[in-house]
A.B. asks: 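Sending over a structure as structure tokens; questions will come in a sec.
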Amino acid sequence: MNNSKDDIQTNELNEILKVRREKLAKLRESGKDPFKITRYDPTHYSEEIIEYFDELEGEEVSIAGRIITKRVMGKASFAHVLDAKGQIQIFVQINKLGKEAYEEFKDYDIGDIIGVKGEVFKTNRGEISVRASEIVLLSKSLQPLPEKWHGLKDVDTRYRQRHLDLIVNPDIKRTFILRSKIISSMRKYLDDKGFIEVETPILHSVAGGAEARPFITHHNTLDIDLYMRIALELHLKRVIIGGFDKVYEIGRVFRNEGMSIKHNPEFTMIELYQAYADYNDIMNLTEDMIYTIAKDVLGTAVINYQGEEIDLTPPWRRLSMIDAVKEYTGIDFRSFDEDSTAREAAKNIGVEVEENATWGLVLNTIFEEKVEEKLVQPTFIKDYPIEVSPLAKRMVEDDRLTYRFELFITSRELANAYSELNDPIDQRERFLEQAKKRAQGDEEAHMMDDDFVNALEVGMPPTGGLGIGIDRLVMLLTDSYSIRDVILFPTMRPKE
RNA sequence: GACCCAUUAGCUCAGUCGGUAGAGCACUUGACUUUUAAUCAAGGGGUCCGGCGUUCGAAUCGCCGAUGGGUCACCA
């Protein structure tokens, strides 16, 4: 139909693209349009043929995959075919395949998808191969693949055209296979413990559950702006109020903030809530779950992250924020309770804080600047100041602090959890406090959420909650340097 | 958002002091029936990221911009 248009385009293409389009046109003319084929029946994956060679030697098999190398030597040829599980060599001979089919094969390109039927054997050089008796072209590749030897290195192309990355860089594929296994192992762990997986809205009229700037979108029929969720928290607690006592959700959240090797604007979190449990129970669950996943997926709890050995075997160190600051800076926040004294202490060790920073804010700032980077092995830091924890329950022992912990591994925050604040009057006051900060220009301060406070008034049992950044967990367990290496299609600015 | 670095053939990369653009792989043609980054012979292929400027002359020097990466800031 669009012949004239195709011709114009063809003229502008470079030689490689032109040649492949001409080959496709030739195939179509001779009634062998590969794009008309709808299915193929492979009997084996490459991996199985290699693993079970002893049983399969001499047997006829069929495989399907992409041609990734090709060596034509007159009347015989070798090629490697890449399928989902690996690659295997095929041996193609003119007298086995017939002259016509052999000539067609010689025209196939690296990148084409073929189905190959043939007998399993080992070459003189000892490589397990399939001797082709029949080859079907299942799809024509119109673009050249990146080079086989050096692969695809350009990170821009790797992220924008991840399909190419997956084809030519096998290690990347492994990361995404592990990612899938990690998430399914997590689901299994929680399901076995009686948790129910639920789904809550992504479009929120109030973006709550975290301190972050949201993305804003618009619903046409309702004619209202909506926020993309920044956390799962508030709806999940409403599910707990509704009477489910163990729930979790694994899902995408969106934060309109900076990007880095640790941050992508959309990322995946798991949050779970367990009624009648406190943050100590959640610590136990967290270390047991991550340990179990590591053993399940990697077969070991001692892992290597960027050259550093990390031991995930429980129990993990548990340290209050006050004790952590004392250990790494010598400052004992228990010995004073004046805001001014705290600010003075910060100044003495070169940590800058706001003029009116409170005792708790100073404690948190010193922790972030002086302690976090030291927490390489798994460490729970607990008892966070109330100012930075608007949804956590106040400690009975010290009302400046909350029953909250964060998990640090390789100096990175991996999880955040607390005994959930279930006092609706306190919650409303804290939201009002946050609203005040918001009015003063703090775009990350929490919004007032009347629906949530109203639900709390109905009565929420004492509950422990946990959030884990799945991408960061995957980074840790796959030894990935950047979050972009564990997200198939990281957010990129469009080209041009 | 600030600073630093990168961008040359489809891919991976050279390119000296500013003097008409190079290699390997990939591609095309030919030879070759057990290759292993197959080999041999011949050939084609460029918006040197874009624009402006300096210069007799710019891939190379300067300025502006684009995209990416890194560091910092903010956050998980």
Side-chain angles (χ1 to χ4, degrees), chain A residues 12-20 22-23 67-80 87 89-97 102 106-107 109-111 121-129 131 141-161 164-165 167-169 209-214 230-231 253-271 352 368-369 372 388 406-408 412-416 442-444 467-473 475 481-485 490-496:
Chain A
E12 291 167 356
L13 297 171
N14 81 31
E15 189 205 358
I16 296 177
L17 302 185
K18 212 190 263 180
V19 164
R20 294 201 176 192
E22 283 163 7
K23 285 179 178 176
I67 300 175
I68 51 165
T69 68
K70 189 169 160 241
R71 299 175 289 283
V72 177
M73 291 163 303
K75 298 191 174 64
S77 301
F78 289 91
H80 279 95
Q87 59 178 68
Q89 180 170 259
I90 61 167
F91 181 42
V92 189
Q93 293 162 291
I94 191 164
N95 59 5
K96 190 85 186 167
L97 206 61
Y102 186 76
K106 283 210 290 186
D107 257 357
D109 290 302
I110 288 172
F121 77 111
K122 207 179 254 185
T123 62
N124 292 346
R125 295 293 196 87
E127 179 163 347
I128 295 165
S129 307
R131 188 191 311 272
S141 169
L142 297 180
Q143 293 203 2
L145 285 182
E147 199 214 346
K148 60 188 168 190
W149 193 240
H150 297 95
L152 180 65
K153 289 188 177 166
D154 183 77
V155 281
D156 190 36
T157 312
R158 284 187 44 217
Y159 295 149
R160 287 180 200 275
Q161 301 191 57
L164 295 178
D165 193 27
I167 291 166
V168 302
N169 296 328
E211 296 186 32
R213 286 165 62 185
I230 55 173
V253 298
F254 308 84
R255 298 189 184 175
N256 205 341
E257 285 162 356
M259 296 162 67
S260 77
I261 53 166
K262 293 183 286 186
H263 303 87
N264 196 63
E266 51 179 306
F267 61 103
T268 303
M269 280 192 71
I270 173 167
E271 286 193 25
E352 270 184 52
E368 284 178 354
E369 294 203 9
E372 262 189 42
V388 295
E406 291 196 340
L407 167 64
F408 291 86
R412 283 178 192 170
E413 183 192 335
L414 210 76
N416 181 21
D442 182 352
E443 289 184 78
E444 284 161 15
I468 299 177
I470 296 273
D471 309 275
R472 289 191 179 174
L473 178 64
M475 285 169 73
Y481 174 69
S482 168
I483 195 166
R484 297 188 192 93
D485 294 325
T491 305
M492 302 287 274
R493 194 189 291 272
K495 275 231 152 136
E496 304 307 65

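Chain letters run A, B, ... following the sequence lines, proteins first and then strands; every chain starts at 1. Basis for what follows: all heavy atoms, side chains included, without hydrogens, waters or symmetry-related copies.
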A.B. asks: Over all strands shown, is A:Lys23 touching base, sugar-phosphate only, or nothing at heavy-atom distances under 4.0 angstrom?
C.D. replies: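 Sugar-phosphate only.
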A.B. asks: Which one is paired to B:rG65, where only Watson-Crick or G-U wobble pairs with both distances under 3.5 angstrom count?
C.D. replies: B:rC49
A.B. asks: Examine B:rG69: is either OP1 or OP2 under 4.0 Å from a nitrogen or oxygen in the side chain of A:Arg484? Give yes or no.
C.D. replies: yes
A.B. asks: Among B:rC27, B:rU34, B:rU12, which nucleotide has an atom closest to any side-chain atom of A:Met73?
C.D. replies: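 From the listed options, B:rU34 comes nearest.
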A.B. asks: May I ask you to say what A:Asp107 touches in the nucleic acid, namely base, sugar-phosphate or nothing, with a heavy-atom cut-off under 4.0 Å?
C.D. replies: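 Nothing: the residue A:Asp107, judged by heavy atoms under 4.0 Å, touches no strand.
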A.B. asks: Using only modelled atom types and a 3.5 angstrom limit, is any donor from either the side chain of A:Glu15 or the base of B:rG10 paired with an acceptor on the other?
C.D. replies: no
A.B. asks: Whole angstrom is fine here: how far is it from NZ in A:Lys18 over to P in B:rG46?
C.D. replies: 10 Å
A.B. asks: Is the closest side-chain heavy-atom distance between A:Glu413 and A:Arg472 below 4.5 Å?
C.D. replies: yes
A.B. asks: Record whether the side chain of A:Thr123 comes under 3.5 Å of the base of B:rU36 through a donor-acceptor pair of N or O atoms.
C.D. replies: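 Answer yes: a donor N or O sits under 3.5 Å from an acceptor.
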A.B. asks: In whole angstrom, give me the gap between the P atoms of B:rA58 and B:rC48.
C.D. replies: 13 Å
A.B. asks: Would you kindly compare A:Leu145 and A:Leu414 by the position of their nearest RNA chain B nucleotide and give the one closer to the 5′ end?
C.D. replies: A:Leu145
A.B. asks: Please state whether the phosphate of B:rC11, meaning OP1 or OP2, lies under 4.0 angstrom from any side-chain nitrogen or oxygen of A:Lys148.
C.D. replies: no
A.B. asks: Which part of the nucleic acid, if any, lies within reach of A:Gly151 when heavy atoms closer than 4.0 Å are counted: base, sugar-phosphate only, or nothing?
C.D. replies: sugar-phosphate
A.B. asks: By centroid distance (under 5.5 Å) and plane angle (under 30°), are A:Phe267 and B:rA76 in a stacked arrangement?
C.D. replies: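 By the stated criterion, A:Phe267 and B:rA76 stack.
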A.B. asks: Look at all strands and tell whether A:Asn95 reaches a base, only sugar-phosphate, or nothing, counting heavy atoms closer than 4.0 Å.
C.D. replies: base
A.B. asks: Suppose we define a pair by two distances each less than 3.5 Å, Watson-Crick or G-U wobble; what does B:rG19 pair with here?
C.D. replies: B:rC56
A.B. asks: Kindly say whether, by distance alone, the side chain of A:Glu127 makes a donor-acceptor pair under 3.5 Å with the base of B:rU36?
C.D. replies: yes
A.B. asks: Could you pull out the closest heavy-atom pair between A:Ile261 and A:Arg412, with the gap in Å?
C.D. replies: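 Of all heavy-atom pairs spanning A:Ile261 and A:Arg412, the closest is CD1-NH2, 4.0 Å.
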A.B. asks: Taking the same atom, C1', in B:rC64 and in B:rU54, what whole-Å distance lies between them?
C.D. replies: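 To the nearest whole Å, 15 Å.
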A.B. asks: Counting the atoms with a prime plus P, OP1 and OP2 as sugar-phosphate, which does A:Val72 contact under 4.0 Å by heavy atoms, base, sugar-phosphate, or nothing?
C.D. replies: base
A.B. asks: Rounding to an integer number of Å, can you tell me how far A:Asp154 CG sits from B:rG68 P?
C.D. replies: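 Taking atom P of B:rG68 as the reference, CG of A:Asp154 is at 11 Å.
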A.B. asks: Need one value for A:Leu164: base, sugar-phosphate or nothing, where a base atom within 4.0 Å counts as base even if backbone is also close, heavy atoms only.
C.D. replies: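 The residue A:Leu164 makes no contact with any strand.
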A.B. asks: Taking any heavy-atom pair under 4.0 Å as a contact, classify A:Phe408: base, sugar-phosphate, or nothing.
C.D. replies: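 No contact at all - A:Phe408 keeps every heavy atom at 4.0 Å or more from the nucleic acid.
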A.B. asks: Using OP1 and OP2 only, check whether a side-chain N or O of A:Lys106 sits under 4.0 Å from B:rA31.
C.D. replies: no
A.B. asks: Assign the ring pair A:Phe78 / A:Phe91 to parallel, tilted or perpendicular, where the plane angle (0 to 90°) is split at 30° and 60°.
C.D. replies: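 Parallel.
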A.B. asks: For B:rA2, which nucleotide is its Watson-Crick or G-U wobble mate, given both distances must be under 3.5 Å?
C.D. replies: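 Per the H-bond distance test, B:rU71.
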A.B. asks: Please tell me if A:Arg412 has a side-chain N or O lying less than 4.0 Å from either OP1 or OP2 of B:rA76.
C.D. replies: no
A.B. asks: When you measure from the side-chain N and O atoms of A:Arg71 to the phosphate of B:rU35, is any distance below 4.0 Å, counting only OP1 and OP2?
C.D. replies: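 Checking A:Arg71 against B:rU35: no side-chain N or O falls below 4.0 Å of OP1 or OP2.
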A.B. asks: So, does A:Arg125 get its side chain near the phosphate of B:rU35, meaning an N or O under 4.0 Å from OP1 or OP2?
C.D. replies: yes
A.B. asks: Work out how far the C1' atom of B:rC4 is from that of B:rA9, and round it to whole angstrom.
C.D. replies: 29 Å
A.B. asks: Watson-Crick or G-U wobble partner for B:rC25, using a 3.5 Å limit on both distances?
C.D. replies: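 Its partner is B:rG10 (Watson-Crick or G-U wobble, both distances under 3.5 Å).
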A.B. asks: Look at all strands and tell whether A:Gly258 reaches a base, only sugar-phosphate, or nothing, counting heavy atoms closer than 4.0 Å.
C.D. replies: base
A.B. asks: Paired with B:rC40: which nucleotide, if any, by Watson-Crick or G-U wobble criteria at under 3.5 Å for both distances?
C.D. replies: B:rG30
A.B. asks: Under 4.0 Å, counting only non-hydrogen atoms across every strand here, what does A:Met269 touch: a base, just sugar-phosphate, or nothing?
C.D. replies: nothing
A.B. asks: Heavy atoms under 4.0 Å, any strand shown: does A:Glu413 hit a base, just sugar-phosphate, or nothing?
C.D. replies: sugar-phosphate
A.B. asks: Does A:Arg160 put a side-chain nitrogen or oxygen below 4.0 Å from OP1 or OP2 of B:rG68?
C.D. replies: yes
A.B. asks: If you check every side-chain atom of A:Arg472, which of B:rA76, B:rG10, B:rU35 has the closest atom?
C.D. replies: B:rA76
A.B. asks: Does A:Glu444 reach a base, just sugar-phosphate, or nothing at all? Heavy atoms under 4.0 Å.
C.D. replies: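 Counting heavy atoms under 4.0 Å across all strands, the contact made by A:Glu444 is with sugar-phosphate only.
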